[in-house]
J.: 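Can you read through this structure? Questions will come right after.
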Amino acid sequence: GIIGGADGPTAILTASKLATNPVNLLPAIAIAAYSYMALIPLIQPPIMKLLTTKEMRKVKMTQLRPVSKTEKIIFPVLVTIFVILLVPDTAPLIGMLMLGNLFRECGVCDRLSDTAQNALMNIVTIALGLAAGAVLTVVGVAFTPQILRWMGTPDNVIGNSILYFRIYFMGSIAVVLYNVGASILQSVGDSRSPMKYLITASLTNIVLDLLFVVTFQRGVAGAAEATVIAQAVSVVLCIFYILKKTEILVPRREHFAYDRGLVKELVGQGLSMGLMSSIVSAGSVILQYGINGLGTLVIAGHTAARKLFTFTDMPVIAMATAGSTFVSQNRGADKPERIRRGMRQIWLFGLGTAVVMTALMWLGADVLVRLVSGSSEPVVLENGARYLCWTAPFYSVLGVLLATRYALQSLGQKILPLISSGIELVGKIIFMLVFIPRFGYDAVILCEPVIWCFMCAQLLWSYWHDPYIKGSQAKAKKN
């Protein structure tokens, strides 16, 4: 309440008074301010541990005197009046915030307070989720041209890029629904079904690409439509399987009751994973900005290579996802030795995948790039094939990276996986600013493999120093 009632209105007031064009800047500043506030539970703990000792953190703050009920009722009323008079634009925010406090403290609105905290909370959460999805789709469709210009997309390809991303954004809900369904199945130990549906979607995408682009001559629009349809196929398969084969996973009316402890844990994990994905995506956008300055033929070759990479790295992704479920289940059963053995097997699987993919790429990377890109330009084929051949040996590193990151999340770690994403973001910024302008596409190819090595080192150190893993090793040595 203090953060939302002080920092937010202060930022809004400052933007309104000092900005030369507050109408355009105010929404962005407000979003940035409240995003930072939402991330405080993730940002603050590691900083506190860094700057304070364990003894200092054990000090208990005692209440100087009890706060009377009258003071608890007066406080939200006075804060509302004062802040609204000072910053009128914050009236809806402060009004809702303090009204909730007043409901809880006055003691005469118990039924209304309970409704606001439970049934109404569920309804609002669902409504906000649907609204957010709709808004993101609309924003993606509306602002794609500006985003692509910010990324330095060449003028001769920006038209096709806009068309592709608008179609993709319109079907983005399929990605969300598949992730929900896959997560539900993985939570009960079924990682095979989501993998089968993902492979089916990928193969469907390839077939539809050839059909729409080559046969129907629909160009970029056909490629985007093929991607959206393939994603929808994975969603339909996933939902059909849940409804027919795992009825225990289908929620009933009583399952929608509000559980504060469960929601807190889910929100913590969700924020950690969501922030991690956002950081990774930001790094990809930054790297793409550097690639866009290398010319359209380089972009075409890189796009084809990345599409093939997305397909060929599925074995290590699937194994890492399965490992996440395996670790969480054995953590719940308190079997650390099985976790350590399972992780070693997953790491070895990544090494085996790297050997197979390296041989495959050295034998036929140029043929695969030609098939996916539909181009015969030497620059496109050479760059795409080089990307695949140079990246394939590092699948072993990628396998260790993904498996270890997912395992840390399954062990309850929220901050340590985020650090690896920060390393990735910083590394891509350095490559974009320093190495790509000097070494061109060679730097683009080596960017991710080099960064993977640094990320892998940090994640392995974090895994071996995790209290549960480290404690189980100590017990094993004693025995």
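All values reported here derive from a predicted model rather than from experimental measurement.
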J.: Are side-chain heavy atoms of Trp452 and Thr391 found at a separation under 4.5 Å?
T.: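 Counting from C-beta outward, Trp452 and Thr391 do come under 4.5 Å.
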J.: Please tabulate, for side-chain N and O atoms in residues 306-318, each donor-acceptor pair with protein atoms closer than 3.5 Å (sequence neighbours left out).
T.:
| from | atom 1 | to | atom 2 | distance (Å) |
| --- | --- | --- | --- | --- |
| Arg306 | NH1 | Tyr387 | OH | 2.6 |
| Arg306 | NH1 | Glu448 | OE1 | 2.7 |
| Lys307 | NZ | Asp209 | OD2 | 2.8 |
| Thr310 | OG1 | Arg306 | O | 2.8 |
| Thr312 | OG1 | Leu308 | O | 3.0 |
| Thr312 | OG1 | Phe309 | O | 3.3 |
| Thr312 | OG1 | Tyr395 | OH | 2.6 |

J.: Within this structure, what is the CE-CD1 distance for the pair Met455 and Ile419, rounded to the nearest 0.5 Å?
T.: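 That separation rounds to 11.5 Å.
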J.: Write down the atom of Asn330, the atom of Tyr468, and the distance for their closest heavy-atom approach.
T.: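 Heavy-atom minimum between the residues: O-OH, 4.2 Å.
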J.: Under the side-chain contact (heavy atoms from CB on, under 4.5 Å) rule, collect the residues that match up with Leu163, sequence neighbours excluded.
T.: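 Leu163 satisfies side-chain contact (heavy atoms from CB on, under 4.5 Å) with Ile167, Ala221 once adjacent residues are dropped.
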J.: Under 3.5 Å, is there a donor-acceptor pair linking the side chains of Gln458 and Ser462?
T.: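 A pair is found: one side chain offers a donor N or O, the other an acceptor, under 3.5 Å apart.
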J.: Flag the pair Tyr406 / Met319 as yes when at least one side-chain heavy-atom distance between them is below 4.5 Å, and no otherwise.
T.: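 Answer no - side chains too far apart.
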J.: Using the side-chain contact (heavy atoms from CB on, under 4.5 Å) criterion, which residues pair with Leu371? Sequence neighbours excluded.
T.: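 Scan of Leu371 (side-chain contact (heavy atoms from CB on, under 4.5 Å), adjacent residues dropped) gives Leu210.
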J.: What residues form a side-chain hydrogen bond (donor to acceptor under 3.5 Å, both in side chains) with Tyr441, not counting sequence neighbours?
T.: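 Expected list: His302.
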J.: Heavy-atom distance under 4.5 Å between the side chains of Cys453 and Phe394, does that happen here?
T.: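 With C-beta onward as the side chain, the pair touches.
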J.: For Leu297, give me all partners under side-chain contact (heavy atoms from CB on, under 4.5 Å), at least two apart in sequence or on another chain.
T.: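 Once residues adjacent in sequence are excluded, the partners of Leu297 under the side-chain contact (heavy atoms from CB on, under 4.5 Å) criterion are Glu377, Val379, Val380.
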J.: Please name all residues satisfying side-chain contact (heavy atoms from CB on, under 4.5 Å) with Cys447, sequence neighbours left out, ordered by chain then number.
T.: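 side-chain contact (heavy atoms from CB on, under 4.5 Å) check on Cys447 returns Leu287, Lys428, Phe431, Ile451.
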J.: For a quick test of reading the model, state the closest non-hydrogen atom pair linking Val369 to Ala385 and the distance between them.
T.: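 In this case the closest contact between Val369 and Ala385 is CG2-N, 3.7 Å.
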J.: Find out whether Arg405 and Tyr463 are in side-chain contact, i.e. whether some heavy atom of one side chain is under 4.5 Å from a heavy atom of the other.
T.: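 A side-chain contact under 4.5 Å is absent here.
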J.: May I ask you to test the Lys470-Pro336 pair for a side-chain heavy-atom distance under 4.5 Å?
T.: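 Of all side-chain heavy-atom pairs linking Pro336 with Lys470, none is under 4.5 Å.
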J.: List in chain and number order the residues that pass salt bridge (charged side-chain N to carboxylate O under 4.0 Å, His left out) with Arg338, two or more places apart in sequence or in another chain; answer none if no residue qualifies.
T.: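 Salt bridge (charged side-chain N to carboxylate O under 4.0 Å, His left out) list for Arg338, sorted by chain: empty.
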J.: Which pairs count as side-chain hydrogen bond (donor to acceptor under 3.5 Å, both in side chains) when at least one residue sits in residues 346-359, sequence neighbours excluded?
T.: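 Every side-chain hydrogen bond (donor to acceptor under 3.5 Å, both in side chains) pair that includes a residue of residues 346-359, provided the two are not neighbours, is Trp347-Thr404.
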J.: Which residue pairs pass the salt bridge (charged side-chain N to carboxylate O under 4.0 Å, His left out) test when at least one of the two sits in residues 316-328, sequence neighbours left out?
T.: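 Matches after skipping sequence neighbours: none remain.
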J.: For residues 202-238, which residue pairs qualify under ring pair (Phe, Tyr, Trp, His ring centres under 6.0 Å), counting only residues two or more places apart or in two chains?
T.: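 Counting only pairs at least two positions apart or across chains, the ring pair (Phe, Tyr, Trp, His ring centres under 6.0 Å) contacts touching residues 202-238 are Phe212-Phe216.
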J.: Can you list every salt bridge (charged side-chain N to carboxylate O under 4.0 Å, His left out) pair that touches residues 230-241, not counting sequence neighbours?
T.: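 For residues 230-241: none.
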J.: List for me each residue that meets salt bridge (charged side-chain N to carboxylate O under 4.0 Å, His left out) alongside Arg386, sequence neighbours excluded, and say none if there are none.
T.: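 Once residues adjacent in sequence are excluded, the partners of Arg386 under the salt bridge (charged side-chain N to carboxylate O under 4.0 Å, His left out) criterion are Asp442.
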